[in-house]
Amino acid sequence: AGKRNWTRFADGVLLEFTTDPAQPAEWKSGYMHNVSQGGCGFWSKRELSTRTAVWVREVVDEEHSPWLPAEVAHCTRGLRGFLIGVVFA
């Protein structure tokens with residue numbers, strides 16, 4: 001409905017995100033709020049500006065998932081920190 005191009009699915013997956021995947025000190029964690037074919041929303045303690053390039057990946061046990069490039073579409077302060085919506089590149 002509305003301006004959405006894809007169906008969104010709620011999912012509480014643990015994620016890592018970063019503005020620089022080459023620097024492990026910059027990797028932060030967050031929890032996915034929802035996901036669609038075009039992007040995802042996740043909760044973070046860190047605020048990110050719109051149009052910031054980010055990389056996100058799922059945390060799977062001890063293995064590292066591949067980083068997915070994205071761009072911040074919105075960042076809203078909420079009860080759990082910041083709800084960040086990204087569009088996959």
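Along the sequence shown, the residues carry numbers beginning at 1.
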Please tabulate, for the side chains in residues 71-89, all donor-acceptor contacts under 3.5 angstrom to protein atoms that are two or more places apart in sequence or on a different chain.
none

Legend entry - Verify same cluster id: W27, M32 (apolar side-chain graph, 4.5 Å): no
Legend entry - Verdict with reasoning, L14 to S29, per side chain to side chain contact (heavy atoms under 4.5 Å, CB included): CA-CA 7 Å; L14 180 61; S29 62; 4.3 Å; yes
Inset, instruction - Starting from the C-alpha separation in whole Å, work towards a yes-or-no answer on side chain to side chain contact (heavy atoms under 4.5 Å, CB included) for T18 and W67. - result: CA-CA 9 Å; T18 184; W67 288 111; 3.7 Å; yes
Inset, instruction - Output every pair passing side chain to side chain donor-acceptor pair (under 3.5 Å) with a member in residues 40-50, not counting sequence neighbours, ordered by first then second residue. - result: H33-W43
Output side-chain donor-acceptor pairs under 3.5 Å for residues 53-60, partner residues at least two apart or in another chain, one line each.
unit_1: R57; atom_1: NE; unit_2: E16; atom_2: OE1; d: 2.7
unit_1: R57; atom_1: NH1; unit_2: S65; atom_2: O; d: 3.4
unit_1: R57; atom_1: NH2; unit_2: E16; atom_2: OE1; d: 3.0
unit_1: R57; atom_1: NH2; unit_2: H64; atom_2: ND1; d: 3.0

Legend entry - Pair F42 and F17, ring centroids less than 6.0 Å apart: yes
